[in-house]
Amino acid sequence: QVQLVESGGGLVQAGGSLRLSCAASQRTFGTYSIAWFRQAPGKEREFVARIRWSIDTYYADSVKGRFTISRDNAKNTVYLQMNSLKPEDTAVYYCAATQFLRTGTMRTRDDYDYWGQGTQVTVSS
């Protein structure tokens, strides 16, 4: 069991930056694979980024080169640094986790067992 709480969302102008945080209740959080998803109004929840261990990262094509996922296991926290934000990045961002290490890209909702409540990111033009 792990509880996830996202924070760091807000309103930012296009071209700006935000850093999202996903705080976990488990001290064994370092053994979990963590992903960020996002969902815009009227759209399906889509994959953004994931991290396995500390260095195995994978990103959606839409955010490559702009977003960076990282983790601080001592703080039981995963971060999503978002730079060069675009209006199309506007969405509710969700943190997801699983303790099961799977092969493949792990970019689907079914790959994850635990979800946070989300944090709103709004990018103005």
Side-chain angles (χ1 to χ4, degrees):
Q1 295 283 337
V2 59
Q3 305 296 320
L4 306 174
V5 179
E6 303 96 333
S7 62
L11 175 64
V12 65
Q13 288 187 307
S17 299
L18 285 174
R19 188 180 74 165
L20 305 184
S21 298
C22 174
S25 60
Q26 285 276 2
R27 287 195 174 274
T28 57
F29 193 48
T31 67
Y32 285 72
S33 296
I34 311 297
W36 289 95
F37 289 76
R38 66 187 182 186
Q39 187 166 21
K43 296 184 178 181
E44 297 293 316
R45 192 170 300 186
E46 67 175 353
F47 171 81
V48 176
R50 71 105 173 95
I51 185 166
R52 294 189 295 206
W53 305 110
S54 63
I55 61 172
D56 181 14
T57 59
Y58 182 79
Y59 300 90
D61 289 342
S62 60
V63 306
K64 284 182 179 178
R66 299 189 298 121
F67 292 10
T68 302
I69 188 170
S70 63
R71 70 196 305 164
D72 185 340
N73 292 332
K75 297 181 178 179
N76 296 333
T77 301
V78 168
Y79 304 99
L80 184 68
Q81 178 66 47
M82 305 186 295
N83 298 326
S84 302
L85 283 162
K86 305 174 181 179
E88 51 262 44
D89 294 319
T90 295
V92 176
Y93 283 70
Y94 298 90
C95 180
T98 181
Q99 67 182 117
F100 300 107
L101 182 62
R102 301 174 174 86
T103 58
T105 57
M106 296 181 64
R107 61 177 296 143
T108 70
R109 294 180 64 180
D110 290 342
D111 289 322
Y112 300 92
D113 308 295
Y114 305 98
W115 294 82
Q117 295 301 305
T119 185
Q120 176 71 48
V121 172
T122 303
V123 184
S124 62
S125 59

- [ ] Compare every heavy atom of Arg52 with every heavy atom of Gly104, then report the nearest pair and how far apart it is.
- [x]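 Nearest heavy atoms, Gly104 then Arg52: O-NH1, 2.9 Å.
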
Open item on the list: To check you understand the geometry: which heavy-atom pair defines the closest contact between Ser125 and Pro87, and what is its length?
Closed with: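 Heavy atoms only, the tightest pair is CB-CG, 4.0 Å.
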
Pairwise side-chain contact, [X] with [Y], heavy-atom cut-off 4.5 Å (strictly under):
{"X": "Ile69", "Y": "Tyr59", "value": "yes"}
{"X": "Ser7", "Y": "Thr119", "value": "no"}
{"X": "Trp115", "Y": "Cys95", "value": "no"}
{"X": "Lys75", "Y": "Ser21", "value": "no"}
{"X": "Tyr58", "Y": "Met106", "value": "no"}
{"X": "Val123", "Y": "Glu88", "value": "no"}
{"X": "Thr90", "Y": "Gln120", "value": "yes"}
{"X": "Arg102", "Y": "Asp111", "value": "yes"}

Same cluster (ILVMFWY, side-chain, under 4.5 Å), [X] and [Y]:
{"X": "Trp36", "Y": "Val12", "answer": "yes"}
{"X": "Met82", "Y": "Val92", "answer": "no"}
{"X": "Val78", "Y": "Tyr94", "answer": "no"}
{"X": "Val121", "Y": "Leu80", "answer": "yes"}
{"X": "Leu20", "Y": "Leu85", "answer": "yes"}

TODO: Let me see the working for Asp61 and Lys64 under salt bridge (Lys or Arg N to Asp or Glu O under 4.0 Å), right down to the final yes or no.
DONE: CA-CA 5 Å; Asp61 289 342; Lys64 284 182 179 178; 3.1 Å; yes

Would you give the length of the straight line joining atom [atom1] of [X] to atom [atom2] of [Y], rounded to the nearest 0.5 angstrom?
{"X": "Arg109", "Y": "Phe47", "atom1": "CZ", "atom2": "CZ", "result": "14.0 Å"}
{"X": "Cys22", "Y": "Phe29", "atom1": "SG", "atom2": "CZ", "result": "4.5 Å"}
{"X": "Thr98", "Y": "Asp110", "atom1": "OG1", "atom2": "CG", "result": "11.0 Å"}
{"X": "Tyr32", "Y": "Asn76", "atom1": "OH", "atom2": "CG", "result": "10.5 Å"}
{"X": "Tyr112", "Y": "Leu4", "atom1": "OH", "atom2": "CG", "result": "12.0 Å"}

Open item on the list: Does the Lys NZ or Arg CZ of Arg45 fall within the cation-pi geometry relative to Phe37 - under 6.0 Å from the ring centre and within 45° of the axis?
Closed with: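 Judged by the rule (NZ or CZ under 6.0 Å from the ring centre, within 45° of its axis), Arg45 is not positioned above Phe37.
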
TODO: Mind telling me whether Phe67 and Tyr93 have parallel, tilted or perpendicular rings, with 30° and 60° as the class edges?
DONE: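 It falls in the tilted class, 30° to 60°.
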
Open item on the list: One pair to check against side chain to side chain contact (heavy atoms under 4.5 Å, CB included): Glu46 and Arg38. What are the steps and the verdict?
Closed with: CA-CA 5 Å; Glu46 67 175 353; Arg38 66 187 182 186; 2.7 Å; yes

Task: Side-chain donor/acceptor of Gln81 to backbone N/O of Arg19, under 3.5 Å - done: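 A pair under 3.5 Å: no.
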
Task: Side-chain donor or acceptor of Gln117 paired with backbone N/O of Glu6 under 3.5 Å - done: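 Side chain of Gln117 to backbone of Glu6: no pair is present.
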
Open item on the list: Between Lys86 and Arg66, does the side chain to side chain contact (heavy atoms under 4.5 Å, CB included) criterion hold? Intermediate values first, please.
Closed with: CA-CA 10 Å; Lys86 305 174 181 179; Arg66 299 189 298 121; 3.9 Å; yes

Task: Side chains of Thr77 and Asp72, donor plus acceptor under 3.5 Å - done: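 Not at all, the side chains of Thr77 and Asp72 share no donor-acceptor pair under 3.5 Å.
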
- [ ] Begin from the C-alpha positions of Arg50 and Asp56 and carry the test side chain to side chain contact (heavy atoms under 4.5 Å, CB included) through to its verdict.
- [x] CA-CA 8 Å; Arg50 71 105 173 95; Asp56 181 14; 3.4 Å; yes

